[in-house]
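For reference, the structure I am asking about is given below.
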Amino acid sequence: MDEIFFYGMDLPIEEIVLDLPHENDDSMTEVSEFTEFEHRRSHVWKKYFSISPKSSIDNKLRALCKHCKKAKLIADSKYGTTNVKNHLEKCQAYQDYKRKLSPTQRSKAFFDQKIYRDLVAKAIIKHWYPFSWVEHEGNRAIHGYLSDDVKSICRNTAKPDCVKLYTSLKNKLKDTLCNLPGRVCLTYDLWTSCQTEGYLCLTAHFVDVNWKLSSVVLNFCHMEPPHKQAGVKETKALWFDVPTRWNSTYKILDRAIIYRDAFNKLNLVDKTYLHCPDALE
């Protein structure tokens, strides 16, 4: 039998299969690479050999690990790729093989489709690309040239990827704000997009646990012109006690009633706030 070499391995096929029978044996195990016509879209199948169903008792297609040459897992499409991925994480021979590779070789040999989709989602959000950008022929040609393992996605896949990324960053920001040692300053600003659409933006400013001043956008909404102070709803600020004004006490209480819920919350988070009026007051 001629020696056949496969991607990622420098061993002939005779040395891959344990206890492989001779050519004149009719019970010889049929081993080959997983091919594209089998609809194996995951890159993980490149790290396994395909064992013909004729070689198994239950007539099921199996996958043989190229590295440890011991694990034989069912490769039926209805079982998914969880088992074959979990085996690679525990396979000592595969982990040793990865450690021997240089960073450049590792990036080329182990393409991760999930990381690729995350990067595409970040590019769409950062540069305001339309979702149809992922379907452009030129874009797909570039990505296909960089790696043969790239599986092109459509706009219907790119949209939920962007929403998933937004949700992840939103939850991360919530955790950051909840664990802040200090307070948060809120400001709003009016700005105009490149499409000349006006927006009102709410920004939070805070000092994080590393004593670094940070600013993050919490929300924004569309705002019709004109973008002037008159276009923003007037907010009622708190009054301070002015001894020279006879009605300053009334004005203080009148505004305090509006913000009584805020005073109750302030009493929960600020230990220096000692005089919170009760419900009767």
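All values below were derived from every heavy atom in this structure, side-chain atoms included, with hydrogens, water molecules and symmetry-related copies excluded.
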_So does V84 get a backbone contact from the side chain of Y48, meaning a donor-acceptor N/O pair under 3.5 Å?_
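Indeed, once roles are kept as given, a pair shorter than 3.5 Å links the two residues.
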*Hphob cluster co-occupancy, L177 + V217, side-chain heavy atoms under 4.5 angstrom*: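 Different clusters: L177 never reaches V217 through Ile, Leu, Val, Met, Phe, Trp or Tyr contacts under 4.5 Å.
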*Could you please spell out the steps behind the side chain to side chain contact (heavy atoms under 4.5 Å, CB included) verdict for C201 and T203?*
CA-CA 6 Å; C201 178; T203 307; 3.7 Å; yes
*Indicate, with yes or no, if W133 and Y116 share a hydrophobic cluster defined by side-chain heavy-atom contacts under 4.5 Å among Ile, Leu, Val, Met, Phe, Trp and Tyr.*
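Yes, Y116 and W133 fall within the same hydrophobic cluster.
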*Is the closest basic N to carboxylate O distance between D96 and R99 below 4.0 Å?*
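Yes, this pair counts.
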*Among the clusters formed by ILVMFWY side chains lying less than 4.5 Å apart, do I125 and L218 turn up in the same one?*
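They do not share one cluster, since no chain of ILVMFWY contacts under 4.5 Å joins I125 to L218.
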*Counting N and O atoms only, with roles assigned by atom type, does the side chain of N86 sit under 3.5 Å from a partner on the main chain of T82, one being a donor and the other an acceptor?*
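Yes, because the side chain of N86 sits within donor-acceptor range (under 3.5 Å) of the backbone of T82.
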*Any side-chain heavy atom of D161 within less than 4.5 Å of one from V120?*
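When only atoms from C-beta onward are counted, V120 and D161 do not touch, as no gap falls below 4.5 Å.
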*Going by atom types alone, do H205 and T187 pair a side-chain donor with an acceptor below 3.5 Å?*
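Note: H205 and T187 side chains meet the donor-acceptor criterion.
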*For the side chain of E135 and the backbone of R155, is there at least one donor-acceptor N/O pair under 3.5 Å apart?*
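A pair under 3.5 Å: yes.
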*For R140 and I153, indicate whether the former's side chain and the latter's backbone hold a donor-acceptor pair under 3.5 Å.*
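Checked: pair present.
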*At what distance, to the nearest 0.5 angstrom, does CD1 of I51 lie from CD1 of I74?*
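Going from the CD1 atom of I51 to the CD1 atom of I74 covers 11.5 Å.
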*Would M223 and Y188 show up in the same hydrophobic cluster when neighbours are defined by side-chain heavy atoms closer than 4.5 Å?*
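Yes, same cluster.
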*How many angstroms lie between atom CD of E197 and atom NE2 of H222, to the nearest 0.5 angstrom?*
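Interatomic distance, E197 CD to H222 NE2, rounded to 0.5 Å: 4.0 Å.
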*To the nearest 0.5 Å, what is the distance between CG (L73) and SG (C65)?*
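Result: 8.0 Å between the selected atoms.
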Could you tabulate the donor-acceptor pairs under 3.5 Å formed by side-chain atoms of residues 168-176, not counting sequence neighbours?
from: N171; atom 1: ND2; to: T167; atom 2: O; distance (Å): 3.2
from: T176; atom 1: OG1; to: K172; atom 2: O; distance (Å): 3.0

*Can you get from W211 to F206 by hopping between Ile, Leu, Val, Met, Phe, Trp and Tyr side chains that sit under 4.5 Å apart?*
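No: no chain of side-chain contacts under 4.5 Å links W211 to F206.
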_Nearest-0.5 Å distance, NZ of residue K85 to NZ of residue K47_ =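 One gets 10.0 Å once the value is rounded to the nearest 0.5 Å.
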*Can you name the ring-ring contact (aromatic ring centres under 6.0 Å, His included) partners of F220, sequence neighbours left out?*
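F220 satisfies ring-ring contact (aromatic ring centres under 6.0 Å, His included) with Y199 once adjacent residues are dropped.
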*Minimal non-hydrogen separation, C91 against C68, with atom names*: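 Nearest pair, atom of C91 first, then C68: SG-CB, 3.6 Å.
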*Can you name the residues that form a side chain to side chain contact (heavy atoms under 4.5 Å, CB included) with D118, not counting sequence neighbours?*
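Checked D118 against side chain to side chain contact (heavy atoms under 4.5 Å, CB included); matches are K114.
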_Hydrogens and angles aside, do H87 and N83 bring a side-chain donor and acceptor to less than 3.5 Å of each other?_
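No, no side-chain donor-acceptor pair sits under 3.5 Å.
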*What distance do E89 atom CD and Q95 atom CD have between them, rounded to the nearest 0.5 Å?*
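Going from the CD atom of E89 to the CD atom of Q95 covers 8.0 Å.
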_Donor-acceptor contact present, side-chain D208 to main-chain N210, <3.5 Å_ =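 Such a contact is found between D208 side chain and N210 backbone.
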*Within a strict 4.5 Å, meaning less than it, do heavy atoms of the Y129 and V134 side chains meet?*
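A side-chain contact under 4.5 Å is absent here.
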_Closest non-hydrogen atom pair between F49 and K66, with its separation_ =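 Heavy atoms of F49 and K66 come nearest at CE1-CG, 3.6 Å.
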